[in-house]
Number of protein chains: 4
Amino acid sequence: MRFKDPQKEKQKSNLSRSALRRQRDREHRYQTILRAAEALISTDGYHSASIEQIADKAEVSVGTVYFYFKNKEDLLVQLLDEIGYQLRSILGREFRKEDSSMAGIRNAGRVFFEEFCRLHPGRVAIIFRESVGQGVRVEEHRKQIFHKLIGDVRKALTRIGEAQDIEYQSRLSAEVMAVSIMGTSERIAYHYLIWQNRPHDLETIGPDVIDFIVGGINNLCQNNSREGNEP
Amino acid sequence: MRFKDPQKEKQKSNLSRSALRRQRDREHRYQTILRAAEALISTDGYHSASIEQIADKAEVSVGTVYFYFKNKEDLLVQLLDEIGYQLRSILGREFRKEDSSMAGIRNAGRVFFEEFCRLHPGRVAIIFRESVGQGVRVEEHRKQIFHKLIGDVRKALTRIGEAQDIEYQSRLSAEVMAVSIMGTSERIAYHYLIWQNRPHDLETIGPDVIDFIVGGINNLCQNNSREGNEP
Amino acid sequence: MRFKDPQKEKQKSNLSRSALRRQRDREHRYQTILRAAEALISTDGYHSASIEQIADKAEVSVGTVYFYFKNKEDLLVQLLDEIGYQLRSILGREFRKEDSSMAGIRNAGRVFFEEFCRLHPGRVAIIFRESVGQGVRVEEHRKQIFHKLIGDVRKALTRIGEAQDIEYQSRLSAEVMAVSIMGTSERIAYHYLIWQNRPHDLETIGPDVIDFIVGGINNLCQNNSREGNEP
Amino acid sequence: MRFKDPQKEKQKSNLSRSALRRQRDREHRYQTILRAAEALISTDGYHSASIEQIADKAEVSVGTVYFYFKNKEDLLVQLLDEIGYQLRSILGREFRKEDSSMAGIRNAGRVFFEEFCRLHPGRVAIIFRESVGQGVRVEEHRKQIFHKLIGDVRKALTRIGEAQDIEYQSRLSAEVMAVSIMGTSERIAYHYLIWQNRPHDLETIGPDVIDFIVGGINNLCQNNSREGNEP
DNA sequence: GATGAATGAGGCTTCATTCAT
DNA sequence: CATGAATGAAGCCTCATTCAT
C-alpha cells in the first residue's frame with residue numbers, strides 16, 4: 001500500500017492501540033477505493049469511469065479519493081502495480097517450484113490461465129486493455145511491469161537452457177522467447193475472455209497454448225532448426 | 001473512401017470534367033486529414049491529439065474535418081480499418097503465393113515485420129496501442145479487424161493441415177494457433193519497436209520469432225506431442 | 001489586442017469584406033469580455049469573480065472566454081497591461097508637452113487624478129488592489145508596468161534636472177524620487193477613492209499632493225538640503 | 001493574544017501551577033503557528049500557503065490551527081494586526097521622543113526603513129502585498145490599520161505645525177501629507193526590498209526619501225507655495 | 001463546400017473546514 | 001486539547017461538436 005505522502009508514516013513500532021486501529025482503517029479505505037476503481041474501470045473503461053462514480057461506488061466522498069490517491073492516473077497506476085505484483089508472485093512461485101525443466105513453464109502457463117485470468121477477468125481487462133493508450137506516464141508503468149515479467153520468464157528459460165545444456169539460436173533468443181510467450185498468453189486471454197467471453201473454454205485452450213509455447217521454445221533450442229523441421 | 005453521409009455519389013458514368021476534379025480534390029483532402037491524424041495520434045496519443053491540431057496539421061479548418069469524418073472516433077476507426085486492410089493485403093498475398101506449406105506462414109511473418117512494422121511504426125502504435133482502451137465502439141472495430149486477421153491465419157493453417165494430412169490436437173487448435181501467432185507478432189513488434197525503439201533489431205529477431213511460431217505450430221500438429229517432446 | 005494564438009493572424013492586407021467584418025466582431029467580443037471582467041473584478045475582487053460570472057456578464061459562454069484568453073490569470077494580465085498602457089499614454093502626453101520644467105510633473109499629477117482616477121475608479125482598484133498578491137506571474141507583470149512608469153517619471157525628472165542645471169543628491173536620487181512620486185499618488189488615490197470613496201475631494205486634494213511632490217523634488221535637488229531646511 | 005472564542009479565561013489570580021503552564025503552552029503554540037504562517041505566506045503567498053502546510057511547518061495538526069484561529073482569513077488578520085501594532089509602536093516611540101519638530105518625522109522614517117523593513121522583509125511582504133486584494137474582511141482590517149498609522153502621522157504633523165505656528169494650505173493638508181508619507185514609504189520599501197531585493201541600498205535610499213518627504217511637508221506648510229517655488 | 005468562432009457539458013482537482021476519536 | 005481523516009462545494013478548464021456566414 002502506497003500513500004500520497006509515504007514519508008509521513010510513523011516508523012515507531014510501538015503504536016498505540018488506537019493508532020493501530022486507525023492504520024487498519026486507512027488500509028481498509030484504501031482497498032475499498034481501489035476495488036471500486038477496479039470494478040468500474042474494468043467494465044466502463046478508464047475514461048468513462050469518473051472519480052465521482054468511483055467515490056460513490058466506494059461510498060466515500062470525492063475528497064477522500066484524493067486523500068488516498070494523487071490523481072486519477074495514480075489510481076490506474078496503483079492498480080497496475082498491484083496486478084503486476086500479483087502476476088509475478090503467481091508465476092514466480094511456479095518457476096521456483098520446478099526450477100530447471102520445462103515443467104516450470106508449463107505450470108506457469110497453467111496458473112496464468114487458471115488462477116489469474118479465470119479468477120480475475122477484470123484485472124485482465126485493466127492490464128491488457130484499459131491501461132493501454134492512456135498517456136505516457138501510465139505507459140511507462142506498463143513498460144516497467146512487462147519488463148519485469150519478461151525478465152522473469154527469460155531467466156527461467158535461461159536456467160532451463162543451462163540445466164539441459166542447450167544452446168539458443170542467438171544471444172537474444174531467450175528474451176525473444178520470453179516476449180513471445182507474453183504476447184501469446186496475453187492475446188489468448190484477451191481473445192477468449194474479453195472478446196468472446198468464454199472463460200470455461202480456457203480449460204481446453206490453455207493446454208493447447210502451452211503446447212504451442214513449448215513447441216516454440218524447443219524449436220529455438222536447436223541450432224539446426226531453421227530449415228530442418230518442416231513437416 | 002467512405003464518407004460521413006453516404007453522399008449522393010453521382011452514378012452517371014459520364015462525369016463532367018469539373019465533377020471529376022472535385023472528386024479528386026475530395027479524395028485528396030480526405031487523405032490529407034487522415035494522414036495528419038495518423039501522424040499526430042501515433043506520436044501524441046489519441047486523447048492528446050485534438051481535432052484542432054489535426055486540422056492545423058492538415059491545413060484545413062475544424063469544420064472540414066467534420067465534413068469528412070463523423071466525429072473523432074470515426075477518424076480513429078477509419079485509420080484502424082485502413083491499417084487492417086493493409087495488413088490483410090500484405091499477409092494474404094503471402095498466403096496465396098505459397099498456399100499449403102509452412103513457407104506461407106514464414107513469409108507472412110517476414111513481411112509483417114519487414115514491410116509493415118519497419119516501414120510503418122506509426123501504424124503499429126495506432127493498431128496496438130492508441131486504439132486500445134478507447135471505448136466500446138473503437139473496441140468493436142478492433143475486434144472485427146483482429147477477427148478477420150485471425151480468420152485468415154486460421155484458414156492458412158487449416159489448408160496446410162489438410163494438404164499434409166495432419167490432425168490438430170483439438171477442434172479449436174487452428175484458431176488457438178492463429179490467435180497465438182497474432183499475439184506473438186503483436187507483442188514482439190510492440191516490445192522492440194515501441195518500447196525499445198530498435199527497428200534494426202527486427203532483422204535478427206524476426207527469424208527467431210518465426211521459428212518460435214513454426215515450432216509452436218508443429219508441436220500442436222502431432223497428437224503425441226503433449227508429453228513426449230521435452231528436451 | 002492580443003489573442004491566444006497571435007501567430008494565426010492573417011497578415012494579408014487585402015482582407016475580404018467578410019473577413020474584415022469577422023475581425024471587427026472578434027475585437028468587439030474581446031472587448032466585451034474584458035470590460036465584463038474589469039467590472040466584476042474591480043467590484044467583487046479577482047477571486048470572487050468567477051469565469052462563469054464574467055461569461056454571464058459578457059453574455060457569452062465560458063468556452064468563449066477561453067477562446068479569447070488563455071486562462072483567468074491572463075484576463076487579469078491583459079487588463080493590467082491595458083491600464084498600464086493607458087497610464088503611460090496620459091502621463092507621457094503631459095511630459096512631452098512641457099518638456100523640461102516642473103510644470104510637466106504638475107500636469108502629469110493633475111491628469112493622473114482627474115483623467116485616470118476620477119474617470120476610472122475601477123481601474124484604480126484593479127491596478128492598486130486586485131492585481132496585488134495574486135501570485136508570481138501577475139506580480140511579474142505589475143513589476144514591469146511599474147518599472148516602465150517609474151522609468152518615464154525618472155526620465156522626466158532627469159531632463160528637468162539637466163535643463164535647469166541641478167545636481168541631485170545622489171546617483172539614485174532621480175529614481176528614488178520617481179518611486180516616491182508613484183507611491184504618493186497611488187496611496188492618495190487608494191485612500192480617498194477606494195477607502196473613503198470621496199472622488200470629488202480629489203479636486204482639492206490633488207493640488208496639495210502635487211505641492212507635496214514638488215516640494216519633495218526641490219528638496220532633493222539642493223545639495224545643501226539635508227540639514228539646512230528645517231522649519 | 002486573542003483566541004477564537006473568547007475563552008473562559010480563568011480570572012482567579014491564584015492560578016494553579018499546571019494552569020499557568022498550560023497557559024504558557026498555549027501562548028507558545030499560538031506563536032509557533034503564527035510564525036509558520038508568517039514565513040509561508042510571505043514567501044509562497046497567501047493563497048499558495050495552505051493550512052496543511054502551515055500546520056506542518058508549525059509541527060501541529062490542522063485541527064490545532066483551527067483551535068487557535070477561527071479560519072484562514074483570521075490567520076492573516078492576526079498577522080496584520082501584529083504588524084500594524086509593531087509599526088505603530090516603533091513609529092510612536094520616535095514621535096514621542098522628539099515631539100514637535102521635524103526631527104520626529106525624520107527619525108520615524110529612519111526606523112521604518114532600518115528597524116522594520118530591513119529586519120522584517122517578510123512582514124513588508126505581508127502588509128504591502130499578501131494582505132492586498134484578499135477580500136473584504138481582510139481589506140477592512142488593512143484599512144483600519146492604515147487609518148491608525150495615518151492618524152498617528154497626521155497628529156505628529158499637526159503638533160509640529162502648532163509648535164512652529166505654521167498654517168497648512170487647507171483643512172485636509174495634514175491628512176493628505178500623512179497619506180502621502182505612507183505611500184512614499186510603502187512603495188520605496190516595496191520597490192527596493194521586494195522587487196529589487198536590495199536591502200543594503202535602503203541605507204542610502206532612506207535618507208533621500210526622508211528628504212523628499214520633508215521637502216514635501218515644508219512645501220505644503222507655506223501658503224505662498226503653490227506658484228512661487230519652481231526652480 | 002469551407003470556415004472558425006461559439007458552445008457548454010463534463011471532468012478533474014483543490015482546500016478550507018469539520019468532527020469523531 | 002490534539003489529531004488528521006473525511007467532506008463536498010466550488011472553480012477552472014478542455015475540447016468535441018455545431019452552425020451561421
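All values derive from a computational prediction rather than experimental measurement. First the proteins, then the strands, lettered A, B, ... as listed; each starts at 1.
- The backbone N or O of C:V60 lies less than 3.5 Å from no partner atom in the side chain of C:T64, so there is not a single donor-acceptor pair.
- Listed candidates were E:dC12, F:dT17, F:dC13. Nearest to the side chain of A:K72 is E:dC12.
- C:D81 CG to C:D74 CG: the interatomic distance, rounded to the nearest 0.5 Å, is 9.0 Å.
- Salt bridge absent: B:E38 and B:K57 never bring a charged side-chain N and a carboxylate O closer than 4.0 Å.
- Residue-to-nucleotide proximity on DNA chain E shows that, of A:E73 and D:S50, the 5′-proximal contact is made by A:E73.
- For F:dA20, neither phosphate oxygen OP1 nor OP2 lies less than 4.0 angstrom from any side-chain nitrogen or oxygen of C:R22.
- When all heavy atoms are compared, the tightest approach of A:Y46 to A:E130 is N-OE1, 2.9 Å.
- Following rounding to the nearest Å, C:H47 (NE2) and E:dT14 (C1') show an atom-to-atom distance of 12 Å.
- Taking atom CG of C:N71 as the reference point, atom P of F:dT14 lies 8 Å away to the nearest angstrom.
- Checking the phosphate oxygens (OP1, OP2) of F:dA6, a side-chain nitrogen or oxygen of A:R29 falls inside 4.0 Å.
- Proximity of C:R21 to the phosphate of F:dT21: no side-chain N or O atom is located under 4.0 Å from OP1 or OP2.
- Distances from the side chain of B:Y66 to the nucleotides F:dC13, F:dA16, F:dC1 place F:dA16 closest.
- A sub-4.0 Å separation between OP1 or OP2 of F:dA2 and a side-chain N or O of D:Y68 is present.
- Residue A:I51 places its side chain closer to E:dC12 than to any other of F:dC13, E:dT3, E:dC12.
- The distance between atom CD1 of B:I54 and atom P of F:dT17, rounded to the nearest whole Å, is 11 Å.
- Whole-Å rounding puts the A:F67 CZ to F:dG8 P distance at 16 Å.
- Atom C1' of nucleotide F:dT14 and atom NZ of C:K70 are separated by 15 Å, given to the nearest angstrom.
- Nearest heavy-atom pair, B:Q53 versus B:D44, reported as atom, atom and distance to 0.1 Å: OE1-OD2, 3.7 Å.
- Across all strands, B:T64 comes closer than 4.0 Å to base atoms (heavy-atom distances).
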- Task: Return one dot-bracket line describing DNA chain F 5' to 3' (Watson-Crick or G-U wobble pairs, both distances under 3.5 Å; ( ) same strand, [ ] crossing, | another strand, . none).
- Result: .||||||||||||||||||||
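- Rounding to whole angstrom units, CG of residue C:L20 and C1' of F:dT21 are separated by 15 Å.
- Toward the 5' end of DNA chain F, the nearer of the two residues D:V62 and C:S48, judged by each one's closest nucleotide, is D:V62.
- Take the nearest nucleotide of DNA chain F for C:G63 and for D:G63: the residue whose nucleotide is more 5' is D:G63.
- By the 6.0 Å and 45° rule, A:K72 does not stack over the aromatic ring of A:Y66.
- Ion pairing between A:E82 and A:R35 holds under the 4.0 Å rule for side-chain N and carboxylate O.
- Going from atom OH of A:Y30 over to atom P of F:dA6 covers 14 Å, rounded to whole Å.
- Of the two residues near DNA chain E, B:E59 and A:A49, the one whose nearest nucleotide lies more 5' is B:E59.
- The shortest distance between the side-chain N/O atoms of A:S61 and the OP1/OP2 oxygens of F:dG8 is not below 4.0 Å.
- Rounded to whole angstrom, the span from the CZ atom of C:R26 across to the C1' atom of E:dT3 amounts to 12 Å.
- Aromatic ring orientation, C:Y30 versus C:Y68: perpendicular (interplanar angle above 60°, classes split at 30° and 60°).
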